[in-house]
S.K.: 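Before anything else, here's the structure in question.
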Amino acid sequence: QVQLVESGGGLVQAGGSLRLSCAASGRTFSNYAMGWFRQPPGKEREFVAAISRSGGTILFGDSVKGRFTISRDNAKDTVYLQMNSLKFEDTAVYYCAAVRTLSYDFTAQRSSEYSYWGQGTQVTVSS
């Protein structure tokens with residue numbers, strides 16, 4: 001069992017930046033590929049970014065490419081989502097997710113591929 005706790009959300013003006021953190025506990029963090037998803041108000045959950053166990057493979061959703069970065073620190077059992085040039089439409093609850101994998105390069109974009117989820121952190125971008 002992996003426990004995931006997101007932090008770093010809040011209210012920010014359009015054009016601003018936020019960094020989300022997701023702290024993992026309970027299992028060996030480096031055995032898990034990680035992902036970030038978000039759910040805007042009244043909409044379905046959508047893929048934001050994913051990172052492999054090694055950090056060498058990274059994927060982004062089309063709507064955040066060039067603005068968001070994802071990274072992980074396996075020594076701190078934490079994955080980060082740096083969000084720059086925020087837009088009103090980035091407003092959502094952001095979730096981190098984990099899936100155990102033997103592959104150092106595996107990443108996943110579908111929420112169904114992830115086994116563990118955090119409770120989410122609210123990000124609100126004012127226009």
S.K.: If you count every heavy atom of other residues, nucleotides or ligands that lies below 6.0 Å from E89 atom CD, does the total exceed 12?
M.R.: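 Enclosed: over 12 neighbouring heavy atoms sit under 6.0 Å from CD of E89.
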S.K.: Go through the steps for V99 and E113 under the test side-chain contact (heavy atoms from CB on, under 4.5 Å), then give the verdict.
M.R.: CA-CA 7 Å; V99 56; E113 296 184 86; 5.6 Å; no
S.K.: If you link I, L, V, M, F, W and Y whenever their side-chain heavy atoms are under 4.5 Å apart, who else ends up in the same group as I70?
M.R.: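 The other cluster members (ILVMFWY side chains, heavy atoms under 4.5 Å, direct or chained) are V2, L4, V12, L18, L20, F29, Y32, M34, W36, V48, I51, I58, F60, V64, F68, V79, L81, M83, L86, Y94, Y116, V123, V125.
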S.K.: Less than 4.5 Å apart, side chain to side chain, heavy atoms only: is that true for T69 and Y80?
M.R.: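 T69 vs Y80: side chains apart.
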S.K.: Tell me whether the centres of the aromatic rings in Y95 and F37 are closer together than 6.0 Å.
M.R.: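 So the answer is no for these two rings.
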S.K.: Within the 4.5 Å heavy-atom criterion, are F88 and Q13 side-chain neighbours or not?
M.R.: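 F88 vs Q13: side chains apart.
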S.K.: CZ of R27: more than 12 outside heavy atoms within 6.0 angstrom?
M.R.: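 Counting neighbours around CZ of R27, 12 or fewer heavy atoms of other residues, nucleotides or ligands fall under 6.0 Å, so no.
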S.K.: Are the side chain of R67 and the backbone of S85 linked by a donor-acceptor contact shorter than 3.5 Å?
M.R.: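 Pair found, side chain donor or acceptor close to backbone of S85.
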S.K.: So, S52 side chain and D105 main chain: donor-acceptor pair closer than 3.5 Å or not?
M.R.: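 Such a contact is absent between S52 side chain and D105 backbone.
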S.K.: Between S63 and R38, does a side chain to side chain donor-acceptor pair (under 3.5 Å) hold up when you go through it step by step?
M.R.: CA-CA 12 Å; S63 61; R38 67 186 183 186; 3.1 Å; yes
S.K.: When you measure from the side chain of T28 to the backbone of S30, do you find a donor-acceptor pair of N or O atoms at a distance under 3.5 Å?
M.R.: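 Flag not set: sc T28 to bb S30 has no pair under 3.5 Å.
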S.K.: Do T78 and D73 meet the criterion of a side-chain donor-acceptor pair at a distance under 3.5 Å?
M.R.: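 Absent: no donor and acceptor within the cut-off.
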S.K.: Could you tell me whether the side chain of E6 and the main chain of Q119 form a donor-acceptor pair under 3.5 Å?
M.R.: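 A pair under 3.5 Å: yes.
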S.K.: Indicate yes or no for a side-chain donor-acceptor contact from D90 to the backbone of N84 under 3.5 Å, with no hydrogens or angles considered.
M.R.: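 Answer holds: no.
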